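Structure first, commentary second.
Basis for what follows: all heavy atoms, side chains included, without hydrogens, waters or symmetry-related copies. Counting starts at 1 for both ligands and their atoms, following the listed order. Since the structure is predicted, the reported quantities are computational estimates derived from the model, not experimental observations.
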Amino acid sequence: MATLGIPSNTIEILKKYNFSFQKRFGQNFLIDTHVLEKIVDEAGIDEDDCVLEIGPGIGTMTQYLCERAGRVIAVEIDKALIPILNDTLSSYSNVEIINEDILKVDITNLCNKYNNGRPIKVVANLPYYITTPIIMGLFESGCPLESITIMVQKEVADRMKCGPGSKDYGALSLAVQFYSNPEIVANVSPESFIPKPGVGSSVIRLTRYPKPPVEVDDEKYMFKLIRAAFNMRRKTMVNSLMSSNLGLTKKEILSAIDKLNLSPQVRGEALTLNEFAALSNILSKANK
Ligand code: SAM
């Protein structure tokens, strides 16, 4: 039975193993059964699913996942947590505990090994210090992926969800919205964790698109363009792209912007994903 969501049970395990929290690993463990149930419900897990959990901690959410999923792969960086996980998950036969840094794991390999290459679901209360590299790594690895349901810092969830005109809009919003449909499904207060984080949290579900919503000839080039556009947020697109290492002339950039009926003064933060895709399709050709 999943019992670790109850605060007194978590505290008992932490004491039993004399566990000390590692700030450098972003360790804030969940102690709220409602939040745990909500995450697993929103991830839509059933016995046909293979779930990758990033950072299982002492196994609190892992217990919930093991009860619903066919298989759970739990990747934890902190060596000190492995004996604890072996203890708290000992009654489940469908879990694989892997002591690795998720940023160094070949996720496609994991999908092949544990799910015959079929799409997996990722569920996690993420370590906040590496939220963006984890999400980008999952999408860019090209591993078979159905959805990612994760607890993140509230502002980061807002950044993934927002569109042009918002101060939070940037490269992360565009990348997430290129690969998936983001939905914020819950806001969570610091009281639901031990120790309490200094920031608010949200649960966001990213449902992978079978095919991106825009047509792009060269994805890598589009993302280089996006990064260059947001590198110098307060500059116009023309100035940002000219100061980048994309090797574009002012004439090429102005002509592409004009073809899209945009103002020569336009800034990157005003462009939609569609417009970035169109600009990329024009400029990647101009650049060959
Ligand atoms: N899932 C647990 C829970 O909800 O109670 C713990 C969540 S805690 C926010 C983040 C977890 O990720 C910690 O257990 C931490 O040790 C682990 N972690 C941090 N960096 C990691 C990395 N690079 N690879 C794998 N796990 C990592």
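- Inspection of the S284 and D218 side chains reveals no N or O donor paired with an N or O acceptor under 3.5 Å.
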| Residue pair Y92, V72: steps toward the side-chain contact (heavy atoms from CB on, under 4.5 Å) verdict | CA-CA 10 Å; Y92 301 102; V72 180; over 6 Å; no

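- Checked against side-chain hydrogen bond (donor to acceptor under 3.5 Å, both in side chains), E96 has the following partners two or more places apart in sequence or in another chain: R71.
- At a 4.0 Å heavy-atom cut-off, the residues surrounding ligand 1 are F25, G26, Q27, N28, F29, L30, E53, G55, P56, G57, V75, E76, I77, D78, L81, E100, D101, I102, N125, L126, P127, Y129, I130, listed by chain and number.
- In this structure, K259 has no side-chain hydrogen bond (donor to acceptor under 3.5 Å, both in side chains) partners at least two apart in sequence or on a different chain.
- Between the side chains of Y128 and N28, no donor N or O sits under 3.5 Å from an acceptor N or O.
- Judged as a side-chain hydrogen bond (donor to acceptor under 3.5 Å, both in side chains), and not counting sequence neighbours, the contacts of T62 are E53.
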